[in-house]
Amino acid sequence: RKEQRLKRKRDAQALGEDAPPKQIPKTLDNTREHDKTIVQVGDDEVQREEEEDEFVQYFNNERTPKIMLTTRPRPSRHLFPFMSDLMTMMP
């Protein structure tokens with residue numbers, strides 16, 4: 001494969017301007033058909049929706065979320081140290 005790549009490179013250099021264009025591999029992005037339902041960047045409707053979102057205060061760090069950790073009715077002995085570690089990680 002390396003020899004083939006080097007051969008193609010030498011051929012392209014030898015041909016100069018007349019060299020064939022470099023092949024573009026097929027990927028999901030460049031073979032995807034255009035879909036009208038995909039949201040474009042900077043869409044006004046989506047921006048207004050995000051401003052009215054009920055969780056926007058949490059995402060903008062304006063409000064601290066309340067976290068409640070629960071366990072099962074009869075926890076095993078391994079669960080107590082795990083819960084202890086989780087509680088030290090949560091603010």
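- Here the straight-line distance linking atom CD of Glu50 with atom CD of Glu45 works out to 11.5 Å at 0.5 Å rounding.
- When the side chains of ILVMFWY residues are joined at heavy-atom separations under 4.5 Å, either directly or via intervening members, Leu86 and Leu79 end up in a single hydrophobic cluster.
- In this structure Asp11 satisfies the salt bridge (Lys or Arg N to Asp or Glu O under 4.0 Å) test together with Lys7, sequence neighbours excluded.
- Closest non-hydrogen pair, Lys26 versus Thr31, comes out as CB-CG2, 4.0 Å.
- Contact annotation: the side chain of Asp35 never approaches that of Glu33 to less than 4.5 Å [non-hydrogen atoms, C-beta and beyond].
- In the displayed structure, Ile24 atom CD1 is contacted under 6.0 Å by at most 12 heavy atoms of other residues, nucleotides or ligands.
- Atom-to-atom distance recorded for Met89:CE and Ile67:CD1 is 10.5 Å, nearest 0.5 angstrom.
- In this structure, Arg5 has no salt bridge (Lys or Arg N to Asp or Glu O under 4.0 Å) partners at least two apart in sequence or on a different chain.
- Taking CE from Met83 and CG from Leu69, the interatomic distance works out to 4.5 Å, rounded to the nearest 0.5 Å.
- Just one residue in the list Thr37, Asp43, Val41 forms a side chain to side chain contact (heavy atoms under 4.5 Å, CB included) with Val39, and that residue is Asp43.
- Of all the heavy atoms in Phe59 and Asp53, the pair that sits closest is CE1-OD2, 4.1 Å.
- Distance CG/Leu6 to CZ/Arg1: 14.0 Å, rounded to 0.5 Å.
- The CZ atom of Phe55 lies 10.5 Å from the CZ atom of Arg63; values are rounded to the nearest 0.5 Å.
- Here the OG1 atom belonging to Thr70 is positioned 6.0 Å from the CE atom belonging to Met68, to the nearest 0.5 angstrom.
- What you find for Phe80 and Pro75 is that their closest heavy atoms are CZ-CG, 3.7 Å.
- Side-chain atoms of Asp29 and Thr27 include no donor-acceptor pair closer than 3.5 Å.
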